Number of protein chains: 2
Amino acid sequence: MENDLNEKQIQILQVAETLFAEKGFDGTSIRDISKEAKINVAMVSYYFGSKEKLLESLVLYKTSGLKELLIDLIEEELEPVQKIYKLIDLYVNRLNCNKGIYRILHFELASKKRVLELESFSDIKKANLKSLEIIIKEGQAKGVFRKDVTIELLTPTILGTYFHFQMNKPFFEVILGLNTEEEYNNYIHTTLTMHIQQTIKALLTYES
Amino acid sequence: MENDLNEKQIQILQVAETLFAEKGFDGTSIRDISKEAKINVAMVSYYFGSKEKLLESLVLYKTSGLKELLIDLIEEELEPVQKIYKLIDLYVNRLNCNKGIYRILHFELASKKRVLELESFSDIKKANLKSLEIIIKEGQAKGVFRKDVTIELLTPTILGTYFHFQMNKPFFEVILGLNTEEEYNNYIHTTLTMHIQQTIKALLTYES
DNA sequence: GTTTAATTTAAACAAGTGTTTAATTTTGCA
DNA sequence: TGCAAAATTAAACACTTGTTTAAATTAAAC
């Protein structure tokens, strides 16, 4: 598995992400990408092999850093609750910076048609879940977290809450009076993040 | 505007809905549709004019009945709250029977690329909003509903809640222990519908 | 500076796309 | 039965698709 991408490859991936997010995977042609990235059509096949493999590289590229960040987080000396808070903050920031690719992962690849690179993405999810599991079990050992919690459901809760907010953006823009892009993003990084943190904390910690 | 569709046209639309929902609009070719519907490729252009117009017809066909149902509902003699309850039940049932087309409307047409038939769909939404407005203002006149409510936001709330539940189906299947398709649909028609009804009621009626 | 490898290119490939045409069959009506 | 309209067909249209090829250019290594 080679993950050393040169400048040209990264440039192609960035253009691809934008166009995929705009027009969908099927709606975007290699010629669209090569035109936007100002390269020859053959370069995509030369560097990535195929359009499908380009998508796979894009997914790997955009989700690769997360794994290392989680490993770093595990080794930090923090109280379990604070560690979870930081994890959620990390997730939300990541998702908010990669709207394009996560939109594709959730709606393009959710269809029955494409099941190819689901494997490589499922590997990443497994690794992330493993990191989360370590943090939770650390908290359980310290007697801070409940032991009857289903760890597999924490990630869906964290991501699900964020996606619902992001998907219904026009709706929330109105009801919350968030008129600018800045206001909206600020709301995500403060109130929404706090809400998710409190939800997960309530799920994990003992209650009277 | 001709809405008299013959058997063949309806057959084509039904096949198109299934395939669009499965593989997306761009991912489905006219030849895919004609093959599945066992007709000649030219028939789609013959009956609908183009692939885009086929989609437009599909949207109109699948959303047409709703307007009449709402008009009938308005004329029913029911208390305002009961009318709203019935309206929500009607919406949820509709959405649940037309998963395919609403998936397309929300994720295929939400992209920047296609803005063509958004007009015909926006007409339907306007008509539905008009019906809702009548019901709400009736309740306001009777002193049951608050007068400072933004009617335009009721539909997003009703639909948004349902869609979030349906989009994250694998998630809720697990946490709610809904193992069969029947159990899942039953939950939608009982607990979820009730939740939406209570949410809207709380929003509309005065509280101490 | 020559040679080997990596990069980039234009062109072509076969297959698939939406749509149209023109001929044929089927249908409905006088 | 005859005739005009509608329905259906196979074929072709021009264009786009992802991918490959083979030549040209650039870069690196000796």
Side-chain angles (χ1 to χ4, degrees), chain A residues 2-59 61 104 108-109 111-117 120, chain B residues 2-59 61 104 108-109 111-117 120:
Chain A
E2 293 179 33
N3 269 15
D4 347 324
L5 303 167
N6 62 39
E7 282 183 35
K8 212 114 215 170
Q9 285 175 295
I10 290 169
Q11 181 201 357
I12 294 169
L13 288 180
Q14 283 170 341
V15 170
E17 184 187 18
T18 309
L19 293 180
F20 286 166
E22 254 178 44
K23 315 197 286 175
F25 182 74
D26 289 320
T28 306
S29 71
I30 290 185
R31 280 169 182 82
D32 289 338
I33 296 167
S34 65
K35 199 190 230 175
E36 189 78 17
K38 281 160 188 164
I39 51 150
N40 190 277
V41 268
M43 295 306 288
V44 172
S45 295
Y46 177 73
Y47 275 127
F48 299 99
S50 69
K51 193 187 174 188
E52 294 255 6
K53 282 181 185 171
L54 167 70
L55 177 59
E56 193 168 344
S57 288
L58 181 57
V59 171
Y61 172 63
I104 295 164
E108 296 273 346
L109 311 182
S111 80
K112 298 167 190 168
K113 194 185 173 191
R114 237 179 306 280
V115 207
L116 294 164
E117 28 48 79
S120 66
Chain B
E2 293 180 34
N3 269 14
D4 348 324
L5 303 166
N6 61 40
E7 283 182 34
K8 213 113 213 171
Q9 285 175 297
I10 290 170
Q11 181 201 357
I12 294 169
L13 289 180
Q14 282 170 342
V15 170
E17 185 186 18
T18 308
L19 293 180
F20 286 165
E22 254 177 44
K23 316 197 286 176
F25 181 75
D26 289 320
T28 306
S29 71
I30 289 186
R31 280 169 182 81
D32 289 339
I33 296 167
S34 66
K35 199 191 231 174
E36 189 77 18
K38 282 161 189 163
I39 49 148
N40 191 278
V41 268
M43 295 306 288
V44 172
S45 294
Y46 176 73
Y47 276 127
F48 299 99
S50 69
K51 193 188 174 187
E52 294 255 5
K53 282 181 184 169
L54 167 70
L55 176 60
E56 194 169 342
S57 287
L58 181 57
V59 172
Y61 171 63
I104 296 164
E108 296 273 344
L109 311 182
S111 79
K112 297 168 191 168
K113 194 186 176 191
R114 236 179 306 280
V115 208
L116 293 165
E117 27 49 75
S120 65

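Scope of the values below: all heavy atoms of this structure, side chains included, with no hydrogens, waters or symmetry mates. Letters A, B, ... mirror the listed sequences (proteins, then strands); counts begin at 1. Predicted model only: the values in this text are computed from it and were never measured.
The CD1 atom of A/I33 sits 10 Å away from the P atom of D/dT19 (whole-angstrom rounding). For the pair B/E7 CD and C/dT26 P, the interatomic distance rounds to 18 Å; values are reported in whole Å. The CE atom of A/M43 sits 15 Å away from the C1' atom of D/dT19 (whole-angstrom rounding). Atom NZ in A/K8 sits roughly 11 Å away from atom P in D/dA27 (whole-Å rounding). Atom CG of B/N6 and atom C1' of C/dT27 are 13 Å apart (whole Å). Rounding to whole angstrom units, CD1 of residue A/I39 and P of C/dA10 are separated by 12 Å.
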Quiz item: In the 5'-to-3' direction, what one-character label does each nucleotide of nucleotides 16-22 of chain C receive under the scheme B = base within less than 4.0 Å of a protein heavy atom, S = sugar-phosphate only, - = no such atom?
Solution: -BBBB--
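With rounding to the nearest 0.5 Å, the separation of CZ in B/F25 from CG in B/L58 is 10.0 Å. The distance from atom CD1 of B/I39 to atom CD1 of B/I30, rounded to the nearest 0.5 Å, is 9.5 Å. Between B/L54 atom CG and B/Q9 atom CD the span is 10.0 Å, to the nearest 0.5 Å.
Contact annotation: the side chain of B/T18 never approaches that of B/E36 to less than 4.5 Å [non-hydrogen atoms, C-beta and beyond]. Side-chain contact between B/K51 and B/I33: absent, with no pair of heavy atoms (C-beta onward) separated by less than 4.5 Å.
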Quiz item: Please walk me through it: do A/F48 and A/L55 pass side-chain contact (heavy atoms from CB on, under 4.5 Å)?
Solution: CA-CA 9 Å; A/F48 299 99; A/L55 177 59; over 6 Å; no
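In this entry D/dA29 has C/dT2 as its Watson-Crick or G-U wobble partner, both defining distances falling under 3.5 Å. Here D/dT1 sits opposite no nucleotide as a Watson-Crick or G-U wobble pair (both hydrogen-bonding atom distances under 3.5 Å). With a cut-off of 3.5 Å on both Watson-Crick or G-U wobble distances, the partner of D/dT19 is given as C/dA12.
At a threshold of 4.0 angstrom between heavy atoms, the contacts of A/F48 with the nucleic acid are absent.
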